[in-house]
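Just so it is clear, the structure is predicted and the values come from calculations on it, not from any experiment.
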Amino acid sequence: MTGSKLQSVRGMHDILPNETPLWQAVEAVLYQGLESYGYQQIRLPIVEKTELFKRSIGEVTDIVEKEMYTFTDRNGESLTLRPEGTAGCVRACIEHGLLRGANLRLWYQGPMFRHERPQKGRYRQFHQLGVETYGQPGPDIDAELILLNRYWWRALGIADKLELQINSLGTLEERRAYREELVAYFSTFEHALDDDSRRRLHTNPLRILDSKNPDMQALIEGAPKLIDYLGESSRAHFQGFVNQLDAVGVSYTFNPRLVRGLDYYCLTVFEWVTRELGAQGTVCAGGRYDTLVEQLGGKPTPASGFALGLERLMALLGDSPLARSNPPHLYMIRVGASAEKAGLIWAEKLRERLPGLRLQVHSGRGSFKSQFKKADKSGAMYALILGEEEAARQQVAVKPLREEGEQRTLDFDRLLDFLHSEFYSK
């Protein structure tokens, strides 16, 4: 008896072969930008100790309370699939002594996991590229992060689709004073709060400001503004950040309601948002977290960074020319036992002599007609045809598939010359 058809876990999606060309092209642009700005890759585990996220993100955040994939392993230890990357990156830097006098610029990429209600642009397994900097306290590194983002948007042709929003969260002490005022304000309107906001009122009231509920917006608009509670040092840092953006011509909007969903943020926060993706319009977000290293057991170390949501970036790119796949340059047809053997040898020699050549060799036998249909369907520019006669003469027939042209028969050296002129000299 056959079993029922299995499907992927809800909210966890396959990225199919027709989608991966866009991912690969975008990733190449992202990697080039990171290299251009001097960032180094770090590769981190997907699973971390649960305590890491409780201490960094905050136990009364939605992520820790409701969204983490947490389980007990065979040793009785509580482990969690990472819901974000910053905490793991800080843990790794402390554990391996990377922060001793360092001026670090790091990046990582991979899947993150949150048990949320799946919807367009929000998945239970999603992919992020994260950038982290350590040891740089000034607003100049905050501005550099923005410039790296802008570099990407321009390279990807989407600069006109994204708006930069900025704010300052000040220091922990300044937020505590502001928090009291915020609780007092919203408490007078508790009857008008939705369920989420009522729950957050005495645990994480700043998150009420981030509510997307349309019925809450007028109430939120009337709330005290955090910028009014910042001290001189925090104001100077934010002004320095703004001055640098102005100096390099970066457009931005000051959003006094902009907060982050993680407890460790301070001072500069920013988001790149778009109107083209509906409710899930934040594509890239980050800021400073100067107390996090100390919070996780390291020495006080200034830090800043951001996370870029790759699924949302791909959705924003839509039908970009980057999405075009790269079909093979050549499709090799082999008919007959000696042709199969000769074709295998020829194919390996061609790949060795012509790096970057995309050559697909037919496998599984089949008639010449059926193989030729597959060659045409592959999108290749040329078919290389090897039959018993060609194999005996140590030659191959070359037939154009996309343009009019005569079929020609070439020996190996002449084939090399032809392919080099066709694909490497233009």
Side-chain angles (χ1 to χ4, degrees), residues 30 33-34 37 39 57 84-86 89 105-107 121 128-134 136-154 156 158-172 174-175 178 206-207 209-210 212 220 225-227 229-230 233-277 280-292 302-310 312-313 316:
L30 299 178
L34 289 161
Y37 278 76
Y39 286 77
I57 296 173
E84 58 92 40
T86 296
C89 190
R105 287 172 166 85
L106 303 176
W107 70 274
Q128 285 186 343
L129 187 149
V131 168
E132 318 280 349
T133 71
Y134 302 98
Q136 303 169 72
D140 51 345
I141 192 64
D142 303 353
E144 180 181 284
L145 296 176
I146 299 297
L147 293 177
L148 172 58
N149 296 153
R150 186 178 70 168
Y151 177 98
W152 285 338
W153 312 152
R154 287 176 170 178
L156 294 170
I158 55 173
D160 60 335
K161 297 182 179 181
L162 287 159
E163 174 195 359
L164 174 63
Q165 297 184 358
I166 62 173
N167 193 18
S168 176
L169 297 182
T171 65
L172 179 60
E174 290 160 356
R175 281 203 310 284
Y178 173 65
L206 267 71
R207 292 288 286 136
L209 302 176
D210 200 33
K212 301 299 188 292
I220 291 171
K225 294 178 172 59
L226 177 55
I227 194 76
Y229 293 80
L230 300 187
S233 178
S234 296
R235 288 176 180 272
H237 188 282
F238 188 62
Q239 189 59 53
F241 171 61
V242 168
N243 290 344
Q244 297 217 22
L245 297 184
D246 289 340
V248 289
V250 174
S251 299
Y252 57 85
T253 299
F254 171 61
N255 179 359
R257 308 300 175 198
L258 176 61
V259 296
R260 304 295 305 128
L262 310 175
D263 278 359
Y264 52 67
Y265 278 100
C266 65
L267 296 174
T268 307
V269 289
F270 63 86
E271 290 187 359
W272 290 92
V273 298
T274 181
R275 300 180 185 276
E276 301 195 13
L277 298 179
Q280 306 306 320
T282 301
V283 175
C284 179
R288 295 201 69 87
Y289 34 94
D290 292 342
T291 62
L292 183 57
S304 60
F306 62 80
L308 168 62
L310 295 180
R312 293 184 188 179
L313 181 59
L316 187 59

(request) Would you mind reporting whether Val248 and Ile146 have side-chain heavy atoms less than 4.5 Å apart? (result) no
(request) With rounding to the nearest 0.5 Å, note down the distance linking CG in Leu230 to OH in Tyr178. (result) 10.0 Å
(message) Whether the side chain of Arg235 engages the backbone of Gly170 through a donor-acceptor N/O pair (distance < 3.5 Å, no angle test) should be reported.
(response) no
(message) Using modelled atom types and a 3.5 Å cut-off, is there a donor and acceptor pairing between side-chain atoms of Asn255 and backbone atoms of Gln165?
(response) no
(message) A side-chain contact here means heavy atoms from C-beta on lying under 4.5 Å apart; do Ile166 and Leu258 qualify?
(response) no
(message) In terms of relative ring orientation, are Trp152 and Phe306 parallel, tilted or perpendicular, with 30° and 60° separating the classes?
(response) perpendicular
(request) Report the distance from atom OG1 of Thr268 to atom CG of Leu145, rounding to the nearest 0.5 Å. (result) 9.5 Å
(message) In the structure I gave you, are the side-chain heavy atoms of Val283 and Leu277 within less than 4.5 Å of one another anywhere?
(response) yes
(message) The criterion is salt bridge (charged side-chain N to carboxylate O under 4.0 Å, His left out); which residues satisfy it with Arg105, sequence neighbours excluded?
(response) Glu144
(message) Is the shortest side-chain heavy-atom distance between Thr171 and Ser234 below 4.5 Å?
(response) yes
(request) Output all residues satisfying salt bridge (charged side-chain N to carboxylate O under 4.0 Å, His left out) with Arg288, sequence neighbours left out; order by chain, then residue number. (result) Asp142, Asp290
(request) Any chance you could lay out the side chain to side chain contact (heavy atoms under 4.5 Å, CB included) test for Ile227 and Phe254, step after step, and finish with the verdict? (result) CA-CA 10 Å; Ile227 194 76; Phe254 171 61; 4.1 Å; yes
(request) Taking the side chain as every heavy atom from C-beta outward, state whether Leu292 and Tyr134 have any pair of such atoms under 4.5 Å apart. (result) no
(request) Kindly compute the distance separating CG (Asn167) from OG1 (Thr253), expressed to the nearest 0.5 Å. (result) 12.0 Å
(request) Would you check if Leu172 and Thr291 make a side-chain contact, meaning some heavy-atom pair closer than 4.5 Å? (result) no
